[in-house]
**Q** 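Just dropping this structure here.
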Amino acid sequence: METMQDKFMTTVRIGPKGQIVIPKEVRAMFGLEPGDSLILLADRERGIALQSSSYYDSFVRAVFDQGAKAAAPGVPEAETQVFASALEQELKRRDGE
């Protein structure tokens, strides 16, 4: 386990139910509490990432309020729109649980 001021690195094991434990230091670093939601992003080439759903809430709002170009300049507008729509559906599903 290696820590720096705003960085943290460790290994985690996948349990028999496919679960991982987010280390206490990382939960504290990001203010994560039991019941919080995270968005899991997976790409075969780039790997797996977890991100706070509150970040994506604001991204989705920016896409729909200001347009895809404003929210993600450099990414094709159609691609940003599709991503934002999928996120919006996932966030609505999560809020309905």
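The figures that follow rest on heavy atoms only: side chains count, while hydrogens, waters and symmetry mates do not. These figures come from a predicted structure and were not determined experimentally.
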**Q** Quick one: CZ on Arg27 to CD1 on Ile22, what's the gap to the nearest 0.5 Å?
**A** 7.5 Å
**Q** Would Leu38 and Leu32 count as a side chain to side chain contact (heavy atoms under 4.5 Å, CB included) if you check the C-alpha gap in whole Å, the side-chain angles of each, and the deciding distance to 0.1 Å?
**A** CA-CA 9 Å; Leu38 300 173; Leu32 297 173; 3.8 Å; yes
**Q** Using links of under 4.5 Å between side-chain heavy atoms of ILVMFWY residues, direct or through other members, which residues join Val12 in one cluster?
**A**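 Joined to Val12, directly or through intermediates: Ile14, Ile20.
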**Q** In sequence, state the C-alpha distance, the side-chain angles, and the governing distance for Ile48 and Leu40, and then conclude on side chain to side chain contact (heavy atoms under 4.5 Å, CB included).
**A** CA-CA 7 Å; Ile48 298 171; Leu40 184 139; 4.1 Å; yes
**Q** Any idea which heavy atoms bring Asp36 and Gly31 closest together, and the distance?
**A** OD2-O, 3.7 Å
**Q** Please report the interatomic distance CE(Met29) to NZ(Lys24), rounded to the nearest 0.5 Å.
**A**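 NZ of Lys24 is found 13.5 Å from CE of Met29.
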